[in-house]
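Computed from heavy atoms alone, side chains included, the values below leave out hydrogens, waters and symmetry copies.
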Amino acid sequence: MTGDRLTVPVSDRFREAATDWGDNRLMDADDALETKAEQALLEIEHLVADATEVEFTVGDGAIHHRPSDDLAAFLDRQADRYGLEPAEVLSMHVDLFARVFLESEETESTDPDDPRPW
C-alpha cells in the first residue's frame, strides 16, 4: 500500500456506532473505535481494490490511513469530479460504513401474533 497517508476526522456518527458496537462486546471505547475503523477501511479497500489488509492508525480524533494504489486513484477521481480533497471523499465513505456490523436494533419477537417475518 503506497498511497499518501490520508487523515479523516472521526465523526460523531462513527464514534456513536463504535461505542454501540463496543458496548455490545464489553470492549474499551478506544479498542472499539479502532476495530470499527479497521472494519470500515477493510470494506472500502475490499470493494475498490479487493484488498484484505489495511494500514491505519487511530489517534487525536482522527483515522490515519495509507490507501492502496487502487483506492488512492479511486479517491482522486471522485475528488476531482466533485471538487473535494481525497481525504474528504474517504471520510464520506468511512461514515457510510460506520454502522456496518452492528446487530439489528430489533430482535426476534416472542409474540406469536407478531406479523414480522424473522
Asp60 atom CG: more than 12 heavy-atom contacts under 6.0 Å: no

Leu90 and Ile44, any side-chain heavy atoms less than 4.5 Å apart: yes

Spatial distance of atom CE (Met92) from atom CD (Glu88) [nearest 0.5 Å]: 7.0 Å

Whether Glu45 side chain and Ser68 backbone form a donor-acceptor pair below 3.5 Å: yes

Interatomic spacing from OG1 in Thr19 to CZ in Phe14 - rounded to 0.5 Å: 10.0 Å

Closest contact, heavy atoms only, Arg13 versus Ala98: NH1-CB, 3.4 Å

Note, Val89 side chain near His93 side chain (heavy atom, < 4.5 Å): yes

Counterpart residues, side chain to side chain contact (heavy atoms under 4.5 Å, CB included), relative to Ala29 (two or more places apart): none

Shared hydrophobic cluster for Tyr82 and Leu75 (ILVMFWY, side-chain gaps under 4.5 Å): yes

Rounded distance (nearest 0.5 Å) linking atom OG1 of Thr35 with atom CG of Asp30: 10.5 Å

side-chain contact (heavy atoms from CB on, under 4.5 Å) partner of Val94, the single match among Val10, Leu6, Leu41: Leu41

Point-to-point distance, once rounded to the nearest 0.5 Å, from CD of Gln78 to CG of Leu84: 9.0 Å

Over all atoms of both residues, closest heavy-atom pair of Glu55 and His65: O-ND1, 2.9 Å

Note, Phe74 side chain near Leu47 side chain (heavy atom, < 4.5 Å): no

Interatomic distance, Ile63 atom CD1 to Thr7 atom OG1 [nearest 0.5 angstrom]: 10.0 Å

CA sep, side-chain torsions, deciding dist, call: Glu34, Asp28, side-chain contact (heavy atoms from CB on, under 4.5 Å): CA-CA 10 Å; Glu34 186 169 325; Asp28 171 83; over 6 Å; no

Glu38 vs Val54 side-chain heavy atoms within contact, under 4.5 Å: yes

His64 side chain to Val58 backbone, donor-acceptor under 3.5 Å: no

Residues that Phe56 engages under ring pair (Phe, Tyr, Trp, His ring centres under 6.0 Å), provided they are two or more places apart: none

pair Arg25-Asp31: side-chain heavy atoms closer than 4.5 Å: no

Ser91 side chain to Ala87 backbone, donor-acceptor under 3.5 Å: no

